Structures are given as C-alpha cells and as structure tokens.
Amino acid sequence: MGKSAYIHTFGCQMNVHDSEKMTGILEEQGYSRANSPADADLVIFNTCSIRQKAEQKFYSELGRMKSLKKKRPLMKIVVAGCIAQQEGKNIFKHAPHVDFVIGTQNIHTLKNISSSTFERVAVQANPDIATTELPIKRNDGIRAWITIMYGCDNFCSYCVVPYTRGREQSRPSEHIYAEVSELAGNGYKEITLLGQNVNSYFSDTDFPGLLRKLDGLGGIGRIRFVTSHPKDLSDDLIRAMSELPSVCSHIHLPLQSGSSTVLRRMNRKYSFSDYLNKISCLRKQIPGIAITTDIIAGFPGETDRDHHRTIHALKQIEFDGIFAFKYSPRPFTKAAEMNSHVEESVKSDRLNEILTLQDGITLQKNKALVGTVQEILIEGESETDSEKLTGRTRSNKIVTIPKACSRKGAVVCVEITRSRKHSLEGTLVNS
Ligand code: 5AD
Ligand code: SF4
C-alpha cells in the first residue's frame, strides 16, 4: 500500500496555499491524503508565528503527537512554515519526536522526502523561490490562491514576517499569466493574488500592470488580492481597480492604528491623514467598494489618547469589517525591545472596545444592503445549515441562499432579504 500524509495548517492564506504546494509535491512522490495524524505515515505541521497564541496552539498540538509517535515510531513528523524558519534546529530541543524541520523557502526539498539524503533541517535562504514552479494540489475547484510574490521588506516594528519569510521576491509575470490561463481553462471562477504586500510587486510590470494583463486574459470573472500596504497604494492601482471589470470591489488595507505617533513607531511610513486620503480616493473612484482592515490594540507605548484616536478612526472610516489583535511581542522585532509595554488587561479592554464598536458598524453596513441586488459566486453548502448555500458578493460579503436555487460555482444575482452580524441572506432574482 502507498504512503499517506496529513498536513495540519495554521495561520494565513499564504500558509494554506503553501500546504497546497506541499500536497502537490507529496502526491508526485506517491503519497495519498490521510484523514488524521493517526492514519498517516507522514505528518506535517505548517506553522504560523505571527502572534504568541498561534505559536502556543502549534506547540500544544505537537505535544499531543508524542504518544502517537511512541506507538508508531516509523511515522515521520515534519515542522514546516514560519516557526520552523524562526526556530530551525531548536525545534528538536522543544520536541525530540520531530524528524525534520523545513523553513518557508524550502518547501521544494520535500520532493526528496523518501531519499536517505533528505536534510534534517532546511532553513537556508532560497534566491530561486520566485522562479521555481511547484506542483499545486488545490483544495477547491472554483476559487484559487496564486502567489505573486514572496517575503517582505517592510520591517514593521511589531512584525516577525520579514524574518520568517525573507526578502521580497516577485514571481515572473509570465509564470503568473500561464497559471491563471490554466485555471481559467479548468473552470475556476475566482483567483486571489497573494503576497505580503502585493502593491510592491515588480517584475517586467508593476502591480496595476499585472492586474491589467490578467483582466485582459479573460476567463476569470473575479480577481482579488491580499495584502495591500497603504504606503504603496498608488493612484494607478486605484484607477486599475476602477476600470477593470474582473477586479473585485474590495480592498484589505491594514491601518494598524489611528494614531500617527504609534504608526511612526510601528514603522508604517504613512500618517493617519495619508491613510484617510487613500480611503477617500478609493471611495470616490470605486463606488460601493468594501474596505476592511487590521488593527493592533496595545502596541508598546500606546496611550489612552492613542487608543481613542483608533476608536475615532473606526467611527470616521466605517470599515466593512476588521481583524483586530492584541499586540504580541515577537522575536527579532524592534517593538519587542521597546519600553513601556502595555499591560495585558489594558490590551484586552482596548481590544474589546474596538471589537464592540466595529460589530455595530458592520451590522449597520450589512443592514444598508437589504433590498439591494448583488452578484454572488456560490462557494458551496453552508457550514451551519445544510439546506443553504453560501456565496460571496464582489465586495466579499457572505450571503446564504436556499439550496434548491443554485449550485456550487454558479454566479447568480440575489436580492438581499436579511442582514446578520457576519452574513447576509438572499433570494435568487431572475437576471
Ligand atoms: N502582534 C499583534 N498583531 C500582529 N500582526 C502582525 N504582527 C503582530 C503582532 N506582533 C497583525 C497585523 C497584521 C496582521 C496580519 O497581523 O495587524 O496586519
Ligand atoms: Fe509584516 Fe509589515 Fe511586512 Fe505586513 S508589511 S508582513 S505587517 S512587516
């Protein structure tokens, strides 16, 4: 019988997509997908270290593998992803039951997994990462992730990513065009271009140029991208978004804080008023655009006044949705070395205030959509109600509709009939 592998993925879309690449390589090596670690010959943890909590979650999962490994000593355990890159061979100190450590730039080495020369620790920088094509086994047949760049050069003072993912490298545009054309030919309806800061993509074209070319290829009705750094959001990108029919009317634009003093210490390279200007250009040129953001509560030295600036910013901008986190000190980062760390209880209070305020705003925004007609792409059965299907609007809002009305992969028009905190309900209209 062939071997089987189980991959446990933590963290962001980049990791989810890296796991699709790992699955692609393993499939070529004859591995099938195992349903659980208990059935697997190979278990891979694709890890995240963006905040302490993500790290703790991984270490507790890894701890649970100890007894399994004792029972089945031939099973191999691989730690991959950001914690692997950050810790290297130190992982073995924490967890001697781990067999291999593969950093973020060394996924390709998995093709040698069955060889006796397979390296125990592979965390070296890979200057060819952007030009090396890997096989990809996608989880979905309708929506696809596509990496357009690797790494990050921004060194925001709180962020571990430049240390775990290395320097920025853009993938050649012709590789991206070829992948998108193939996906279109295979019936994919939506793509999401991935990079730590897609706005600074650069090869023989810049990011707006890449979007124009992808739109011109045809065949994919919806193009999305994450993540955008406000400092690199150019007028030309806003123009491209407004002109290109396939580019969806949504942008995730992390603000992090409404205080320019905090933004400076975060090394974000924009002030709050710069950010506001970008928002007003986006809203002027792309009517109906949804804007979402990330906020960090309790960055070192954040005063009550700074926090209230963030609260004021949320009220003023009225984001469609936010992800908010308590500041978490990370290894290697400048912020971790700063004085005046904010007390945990204050961080929690600030985070709660931010989330409660935003819940009200999101609800209001969703309510305003009741009665409108929206195009949605059906993604599949609702997780909470098997009689319903869920899809997303072009502005990335989740909508559920009765199941009998449609099927996965269909693009349909629905009238929004009801709003909830995190989703909308709709019924099909004849278009
Ligand atoms: N603590 C809290 N949040 C963080 N983020 C990144 N690093 C940290 C940290 N050390 C958040 C930022 C970023 C999102 C992906 O994660 O808001 O935009
Ligand atoms: Fe981290 Fe800043 Fe790079 Fe985003 S842009 S990955 S927050 S360093």
Side-chain angles (χ1 to χ4, degrees), residues 10-18 47-57 81-83 85-86 104-105 147-170 192 194-202 207 225-233 251-259 262-270 274-275 278 291-302 306-307 310 313-314 319 321-338 341-344 346-348 350-351 354-355 358:
F10 299 82
C12 66
Q13 294 100 331
M14 196 74 80
N15 267 15
V16 172
H17 189 41
D18 281 348
T47 61
C48 168
S49 67
I50 195 88
R51 284 170 290 274
Q52 238 158 21
K53 239 192 197 165
E55 246 184 72
Q56 282 157 2
K57 238 162 85 188
C82 289
I83 300 177
Q85 188 66 40
Q86 182 183 301
T104 52
Q105 300 189 45
T147 310
I148 64 162
M149 57 194 298
Y150 296 84
C152 181
D153 287 348
N154 289 305
F155 292 93
C156 301
S157 63
Y158 50 81
C159 186
V160 74
V161 168
Y163 306 94
T164 57
R165 294 252 169 203
R167 294 294 67 71
E168 251 175 52
Q169 293 183 57
S170 292
T192 302
L194 285 179
Q196 244 65 48
N197 174 18
V198 291
N199 299 171
S200 65
Y201 174 86
F202 200 78
F207 186 57
F225 51 87
V226 279
T227 281
S228 293
H229 194 306
K231 78 175 164 62
D232 298 314
L233 175 67
I251 190 163
H252 185 66
L253 195 65
L255 168 64
Q256 313 299 1
S257 168
S259 156
V262 172
L263 288 172
R264 202 172 316 117
R265 281 187 293 112
M266 286 178 164
N267 193 30
R268 290 291 285 177
K269 302 191 180 88
Y270 55 86
D274 296 335
Y275 187 91
K278 306 254 171 174
I291 305 175
T292 54
T293 204
D294 293 339
I295 299 286
I296 296 178
F299 184 78
E302 184 188 74
D306 292 321
H307 168 65
T310 300
L314 295 176
F319 289 105
I322 66 168
F323 296 98
F325 319 95
K326 283 195 274 185
Y327 167 74
S328 168
R330 303 317 295 132
F332 319 116
T333 60
K334 286 237 166 74
E337 306 301 319
M338 287 177 185
H341 279 258
V342 174
E343 258 182 58
E344 229 23 61
V346 176
K347 284 189 210 171
S348 297
R350 288 180 184 168
L351 179 66
I354 288 167
L355 291 173
Q358 183 59 40

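Whatever order the structure lists them in is the order used to number ligands and atoms, beginning at 1. Throughout, numbering of the chain's residues begins at 1 and tracks the sequence. Treat the numbers as computed from the prediction; the structure is a model and nothing was measured.
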- Message: Could you check whether atom NZ of Lys231 has more than 12 heavy atoms from other residues, nucleotides or ligands sitting under 6.0 Å from it?
- Response: yes
- side chain to side chain donor-acceptor pair (under 3.5 Å) partners for Glu302, two or more places apart: Arg350
- Heavy-atom side-chain contact between Asp294 and Leu255 under 4.5 Å: no
- Distance-only polar pair, side chains of Thr192 and Gln13, donor-acceptor under 3.5 Å: no
- Query: More than 12 non-hydrogen atoms from neighbouring residues, nucleotides or ligands closer than 6.0 Å to CZ on Phe323, yes or no?
  - Reply: no
- Message: Below 30° counts as parallel, above 60° as perpendicular, anything between as tilted: where do the rings of Tyr270 and Tyr275 land?
- Response: tilted
- Message: Using the ring pair (Phe, Tyr, Trp, His ring centres under 6.0 Å) criterion, which residues pair with Tyr150? Sequence neighbours excluded.
- Response: none
- Task: Using a cut-off of 6.0 Å, state whether more than 12 heavy atoms not belonging to Lys53 lie near its atom NZ.
- Result: no
- Task: Can you sort out which atoms of ligand 2 are near His229, meaning under 4.0 Å from one of its heavy atoms?
- Result: 5 (S)
- Query: Salt bridge check: are Asp274 and Arg268 linked by an N-O gap of less than 4.0 Å?
  - Reply: no
- Item | Close-range residues for ligand 1, whose non-hydrogen atoms fall below the 4.0 Å threshold | Ile50, Arg51, Tyr158, Gln256, Asp294, Ile296, Phe325, Lys326, Tyr327, Ser328, Arg330
- Where does the angle between the aromatic ring planes of Phe155 and Tyr163 fall among parallel (under 30°), tilted (30 to 60°) and perpendicular (over 60°)? perpendicular
- Between Phe299 and Ser157, is any pair of side-chain heavy atoms under 4.5 Å apart? yes
- Side chain, backbone, both or neither: the part of Arg165 lying under 4.0 Å from ligand 2 by heavy atom: neither
- Item | Part of Arg268 within contact of ligand 2 (heavy atoms, under 4.0 Å) | side chain
- Message: Just to be sure I understand the site: which N, O or S atoms from the protein are less than 2.8 Å away from atom 1 (Fe) of ligand 2?
- Response: Cys159 SG
